[in-house]
Number of protein chains: 2
Amino acid sequence: MTTIRDVAKKAGVSVATVSRYLNDSGYVSGEAARAVADAVKELKYELNPVARSLNTKKTNIIGLIVPDITNPFFPELARAVEDVALTYGYTVILCNSDENPEKEKNYIETLRKKYIDGFIVTSNQLDAPHYANIPLPIVALDRAINANIPTVASNNREGAGIGTRALLERGCKKILFLRGPEELNPANDRYEGFMDVIRHSGIEHHVAICPFHFTESEKIVESILQEQKDIDGIFASSDVSAAGALKAANTLGISVPDELQIVGFDGIAMGEMLSPGLTTVAQDIYKMGAIATRVLIKRIENQTEEQHFYEVPVELKIRGTTRSVEE
Amino acid sequence: MTTIRDVAKKAGVSVATVSRYLNDSGYVSGEAARAVADAVKELKYELNPVARSLNTKKTNIIGLIVPDITNPFFPELARAVEDVALTYGYTVILCNSDENPEKEKNYIETLRKKYIDGFIVTSNQLDAPHYANIPLPIVALDRAINANIPTVASNNREGAGIGTRALLERGCKKILFLRGPEELNPANDRYEGFMDVIRHSGIEHHVAICPFHFTESEKIVESILQEQKDIDGIFASSDVSAAGALKAANTLGISVPDELQIVGFDGIAMGEMLSPGLTTVAQDIYKMGAIATRVLIKRIENQTEEQHFYEVPVELKIRGTTRSVEE
DNA sequence: CTGAAAGCGCTTACAG
DNA sequence: CTGAAAGCGCTTACAG
């Protein structure tokens with residue numbers, strides 16, 4: 001392995017000069033620069049980043065903490081993070097937290113020791129003590145806001161309003177809202193958004209708590225639909241639960257969208273694979289990941305950071321689980 | 001930050017002794033051990049892994065290279081890798097290659113410099129020069145085998161035979177086989193498996209090349225079904241293309257499974273969300289990832305490695321896109 | 001069983 | 001503009 005020392009010798013300068021040249025820090029005369037450049041080329045020298053890290057306490061590695069990469073929302077996010085990170089010369093470590101504070105804490109601790117540069121976190125635990133005064137740049141994604149942590153999220157409340165209105169405009173008279181877990185901020189915001197619109201609509205509505213989980217949602221919706229046969233609209237606060245609802249309807253022989261219209265929330269790719277395709281309030285998941293990564297890297301590199309909260313717009317995607325708007 | 005030096009001083013021994021104690025390498029007297037242990041506890045000392053890495057050239061980090069984490073096959077794999085890695089005290093860097101040899105090569109190069117300990121790779125590029133004599137432990141997943149690289153894969157050929165037979169047993173008279181890309185080893189093996197069974201069955205069959213991509217598959221199948229209305233069975237060599245086929249059938253008003261039966265391949269979670277649920281030849285994706293990770297870590301830790309090729313069994317999952325077996 | 005010392009390969013004040 | 005030297009925090013022969 002060729003080291004900075006070899007380069008210095010070959011170029012006839014000191015290692016300090018080589019280091020300055022390599023890092024473009026401090027002064028290096030044109031002459032010295034040329035000699036070093038030549039030596040680097042000839043020796044095919046490549047800087048050892050581990051040795052550098054020991055000094056700088058930086059690694060160009062960031063951590064991405066998600067509850068479970070297997071949940072179809074997160075791969076799209078992870079892809080965006082990875083893409084943008086690569087652009088800036090960073091590499092990303094994937095951590096599945098299972099929403100378990102202990103696991104999260106362990107990851108953060110062990111990676112901090114490895115001089116990881118920062119974290120992008122999707123978690124409800126952002127107020128947990130281990131986030132309180134972490135000596136590392138963090139950006140929160142999708143969920144909870146801690147006063148000190150920049151956050152990027154969709155406008156969940158407005159999005160839910162849009163989704164609700166879509167159902168109303170299409171003539172629904174009795175709407176079932178599939179509310180997500182109460183511990184989840186986005187789920188709560190979506191609930192608020194639903195209520196904002198439904199409250200004054202005079203339309204009958206029911207709210208059921210339903211985890212963002214296919215099979216559970218399928219069961220819950222199946223039993224509700226059996227009892228309340230006049231439900232003609234379902235707004236699910238996640239696409240996965242919407243998929244469960246659709247499946248339940250199919251099983252019961254309820255025709256979608258003729259007898260029952262369904263709107264989901266998230267915009268994951270799976271939505272269009274269903275039959276009929278799922279109408280949904282789509283988040284720009286990729287964009288969320290991309291922004292979060294850029295914000296994090298700016299923080300890491302101490303660039304002045306403008307905002308503290310980034311809201312990504314949401315878009316209604318009309319597919320087959322809703323009818324056309326009534327005139 | 002407290003260093004090994006502080007511990008040594010406090011314990012009244014040399015740093016060498018502390019290091020030996022910490023690494024459980026070489027002799028340390030009971031007395032010295034106790035003193036060190038106490039000092040470690042009192043000072044809350046934590047070893048600096050970066051400094052260690054500079055010496056050992058190991059980091060307890062592995063790389064996972066997948067074509068695209070957004071493809072629903074890979075999150076399950078990634079989850080398994082991450083879970084098992086964590087168990088052994090390793091952490092994983094996620095790399096999306098887009099099947100691009102240059103990207104792959106870059107990842108390998110930059111991570112090698114960072115003293116990453118090894119790679120798990122899903123790629124068709126395993127015979128590319130940059131894999132030829134990589135000085136790092138590698139395990140190949142799902143795809144191509146290079147003579148020097150241990151591989152874990154499903155029995156694709158047998159699996160395809162099982163899937164084909166499932167269609168035959170259920171009375172299909174004209175079968176469309178959705179063959180994957182010709183550069184993909186697993187796709188080829190599945191094709192062989194299909195042919196093994198269909199060849200001597202006397203059943204009419206067609207083969208269409210079809211990427212593992214939903215929308216493309218949907219289009220391809222839609223146009224084929226319009227022309228050949230007597231096709232009553234489709235075997236897709238991936239679940240995503242099976243989903244496309246199902247959607248096409250739904251669009252055309254062809255009833256599944258009554259007029260057309262469909263079998264997929266992969267066993268990704270999405271299969272059960274479709275209506276009807278997708279019958280598929282399921283790989284044990286999690287197990288594949290888990291085995292690959294264990295094999296890699298054994299290689300990294302120089303433990304003797306028994307096998308060179310690991311085959312994971314495949315299982316037919318009957319769901320709604322097929323009828324019951326004819327008597 | 002233990003410690004002094006060299007070494008891993010870089011960065012960074014500091015003096016010139 | 002440059003170099004000698006200390007330092008980042010560990011590991012590992014080697015001599016005792």
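Lettering follows sequence order; numbering is per chain, from 1.
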Closest heavy-atom contact between Tyr45(B) and Ile4(B)?
-> CE1-N, 3.5 Å

Ranking Gly26(B) and Thr3(A) by the position along DNA chain C of their nearest nucleotide, the one closer to 5' is Gly26(B)

In dot-bracket, 5' to 3', how would DNA chain C read with Watson-Crick or G-U wobble pairs under 3.5 Å, [ ] for crossing ones and | for pairs to another strand?
-> |||.||||||||.|||

Toward the 5' end of DNA chain C, by each residue's nearest nucleotide, Val13(B) or Asn55(B) | Val13(B)

First and last nucleotide of DNA chain C, 5' to 3', lying under 4.0 Å from heavy atoms of chain B = dC1(C) to dG9(C)

Taking DNA chain D as the partner, which of residues 15-24 of chain B come within under 4.0 angstrom of it by heavy atom?
-> Ala16(B), Ser19(B), Arg20(B), Asn23(B)

Under-4.0 Å salt bridge between Glu31(A) and Arg34(A) | no

When rounded to the nearest 0.5 Å, the distance separating CG of Asn48(A) from OH of Tyr115(B) is 4.0 Å

Please tell me if the side chains of Cys95(A) and Leu64(A) come closer than 4.5 Å, counting only heavy atoms from C-beta onward.
-> no

Contact check, side chains of Val121(A) and Leu141(A), non-hydrogen atoms, under 4.5 Å | no

NA contact type, Val50(B), heavy-atom cut-off 4.0 Å: base, sugar-phosphate, or nothing?
-> nothing

Does the distance from a Lys or Arg side-chain N to an Asp or Glu carboxylate O, for Glu76(B) and Arg79(B), drop under 4.0 Å?
-> no

Between Asn23(B) and Ser19(B), do the side chains contain an N or O donor and an N or O acceptor separated by less than 3.5 Å?
-> yes

Polar contact flag, side-chain donor to acceptor under 3.5 angstrom, Tyr88(A)-Asn60(A) = no

